[in-house]
Amino acid sequence: MSGEQDNGKERPGQGLVVEEAAPRLKKPPLYQVVLINDDYTPMEFVVDLLQRVFGHDRTKATRIMLEVHTRGKGVCGVYTFEIAETKVAQATSYARQHQHPLLCTMEET
Ligand code: TYC
């Protein structure tokens with residue numbers, strides 16, 4: 001057994017028992033990027049933003065925009081921390097460039 005791994009344990013009278021090694025990688029936490037409704041940002045602008053920043057097709061983008069408009073908030077996508085942060089920054093920057101008060105945040109799932 002020189003240099004080889006041996007996960008088996010000899011148990012007298014019970015033969016060889018093999019135990020699985022604990023997983024060595026944890027899944028990263030995930031974050032929802034959320035749009036919050038406001039009264040001023042035009043619907044068409046929100047649909048365009050959802051396509052550009054989040055890669056949704058027009059149908060999906062329209063559905064999300066209407067969810068935000070009618071229910072107060074809606075999920076644009078779910079990402080790891082740094083991707084979610086970047087999407088929030090891109091969405092906010094694009095809205096500000098066009099003088100819209102759009103509010104975009106992230107929430108851990
Ligand atoms: N409520 C806005 C309007 O009536 C539309 C809107 C939708 C604004 C989604 C922001 O995240 C938003 N023009």
Side-chain angles (χ1 to χ4, degrees):
M1 273 295 187
S2 61
E4 272 173 50
Q5 209 179 354
D6 181 5
N7 293 321
K9 291 190 176 157
E10 291 289 359
R11 298 193 182 172
Q14 291 181 262
L16 184 69
V17 176
V18 178
E19 290 171 14
E20 203 151 310
R24 283 190 268 193
L25 292 176
K26 276 208 222 104
K27 290 189 187 148
L30 293 176
Y31 297 81
Q32 294 181 327
V33 174
V34 176
L35 271 188
I36 313 289
N37 190 38
D38 70 74
D39 291 340
Y40 305 103
T41 306
M43 290 184 177
E44 179 52 39
F45 181 83
V46 178
V47 172
D48 172 54
L49 178 143
L50 286 163
Q51 292 183 88
R52 282 173 186 262
V53 176
F54 297 93
H56 295 306
D57 63 29
R58 203 167 168 79
T59 304
K60 184 89 192 283
T62 303
R63 213 172 273 150
I64 295 169
M65 182 281 293
L66 286 173
E67 166 98 2
V68 178
H69 179 69
T70 57
R71 302 170 76 96
K73 64 177 181 169
V75 178
C76 310
V78 179
Y79 309 95
T80 53
F81 185 85
E82 280 172 291
I83 305 289
E85 237 187 359
T86 302
K87 298 284 183 191
V88 169
Q90 289 172 338
T92 304
S93 164
Y94 185 54
R96 295 301 173 270
Q97 280 172 41
H98 295 266
Q99 288 82 46
H100 297 311
L102 182 109
L103 193 59
C104 186
T105 61
M106 55 198 267
E107 297 176 3
E108 192 174 347
T109 60

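- Between atom CD1 of residue Ile36 and atom OG1 of residue Thr105 there is a gap of 4.5 Å, rounded to the nearest 0.5 Å.
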- [ ] Just do the side chain to side chain contact (heavy atoms under 4.5 Å, CB included) check on Leu35 and Val46 with the steps written out, would you?
- [x] CA-CA 9 Å; Leu35 271 188; Val46 178; 3.8 Å; yes

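- Between His56 and Ala61, the closest heavy-atom pair is CB-N, 4.0 Å.
- Applying the 6.0 Å contact sphere to CD of Glu82 captures no more than 12 heavy atoms from other residues, nucleotides or ligands.
- Contact check for Val53 versus Val33: no side-chain heavy atoms found under the 4.5 Å cut-off.
- Atoms CZ and CG, from Arg58 and Leu50 in turn, are 10.5 Å apart once rounded to the nearest 0.5 Å.
- Within the model, atoms OG1 of Thr62 and CD of Glu67 stand 13.0 Å from one another, a figure rounded to the nearest 0.5 Å.
- Across all non-hydrogen atoms, the minimal contact from Pro29 to Glu108 is CB-OE2, 3.5 Å.
- In the displayed structure, Ile83 atom CD1 is contacted under 6.0 Å by at most 12 heavy atoms of other residues, nucleotides or ligands.
- Here Ala95 pairs with Phe45, His100, Leu102 under the side chain to side chain contact (heavy atoms under 4.5 Å, CB included) rule; sequence neighbours left out.
- Arg96 meets the side-chain hydrogen bond (donor to acceptor under 3.5 Å, both in side chains) test with no other residue; sequence neighbours excluded.
- Relative ring orientation between Tyr94 and His98 is described as perpendicular, the plane-to-plane angle rising above 60° on a 0-90° scale split at 30° and 60°.
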Task: Verdict with supporting geometry, Gln97 and Ser93, side-chain hydrogen bond (donor to acceptor under 3.5 Å, both in side chains) - done: CA-CA 6 Å; Gln97 280 172 41; Ser93 164; 3.3 Å; yes

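- Between Tyr79 and Glu85, every side-chain heavy-atom pair lies at or beyond the 4.5 Å cut-off.
- At least one side-chain heavy atom of Pro101 sits less than 4.5 Å from a side-chain heavy atom of Thr41.
- Atoms CD and OH, on Gln99 and Tyr40 in that order, are 16.0 Å from each other to the nearest 0.5 Å.
- Under the 4.5 Å side-chain heavy-atom criterion for Ile, Leu, Val, Met, Phe, Trp and Tyr, Leu103 and Leu49 are members of distinct hydrophobic clusters.
- With a 4.5 Å cut-off on side-chain heavy atoms, Lys73 and Gln32 do not count as touching.
- Through direct or indirect side-chain contacts shorter than 4.5 Å among Ile, Leu, Val, Met, Phe, Trp and Tyr, Val78 is connected to Leu30, Val75.
- Atoms CE and SG, from Met65 and Cys76 in turn, are 12.0 Å apart once rounded to the nearest 0.5 Å.
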